[in-house]
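Note that ligands are numbered from 1 as they come in the structure, with each ligand's atoms numbered from 1 the same way. Only heavy atoms go into these numbers, but all of them, side chains included; no hydrogens, no water, no symmetry mates.
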Amino acid sequence: MPSLNPRDRTAPLLALDAIADGGFAEVEVDLDGDAESLLLYRDGAAVRGWLNICPHAGRRLDWAPGQFLKSKDGHVVCAAHGASFELGDGLCVAGPCKGESLRAVPLTVRDGQVLLA
Ligand code: FES
């Protein structure tokens, strides 16, 4: 599993090509001294990221590390109780935390590598 050296926030998280367009990935990073799992979503040449923590009950969204559910409507679905989140802004549009949002983590893509912004 790719990981970020906690002392080097400029280290790549993973290669853009490691994520299928329209697909997901999970990486472990050190954010302000805390190990955090991130959900990454690739949209063409861009990658968006959120903490892999559901606002409903604080569970991980993936059913196994890096295995995220995507609905036919194009939402990521929490594996715990089925909350659905938009992949543009992380807003929950259905389920037990409707109206709440995933916590975004700013990312950038440079030279084919995904990095913390
Ligand atoms: S923890 Fe995600 S829907 Fe309950």
(request) Taking the side chain as every heavy atom from C-beta outward, state whether F85 and S71 have any pair of such atoms under 4.5 Å apart. (result) no
(message) So V29 and L38, do their side chains get closer than 4.5 Å, heavy atoms only?
(response) yes
(message) Distance check, rounded to the nearest 0.5 Å: L39 atom CG versus I53 atom CD1?
(response) 11.5 Å
(request) Please indicate how many protein N/O/S atoms are found closer than 2.8 Å to atom 2 (Fe) of ligand 1, with waters neither displayed nor included. (result) 2
(request) Determine yes or no for a side-chain-to-main-chain donor-acceptor pair under 3.5 angstrom, with D30 supplying the side chain and G33 the backbone. (result) yes
(request) Count the heavy atoms of every other residue, nucleotide or ligand shown that sit under 6.0 Å from CG of D21, and state whether that count exceeds 12. (result) yes
(message) If I compare all heavy atoms of G88 with all of R48, which pair ends up nearest, and what's the gap?
(response) O-CD, 3.4 Å
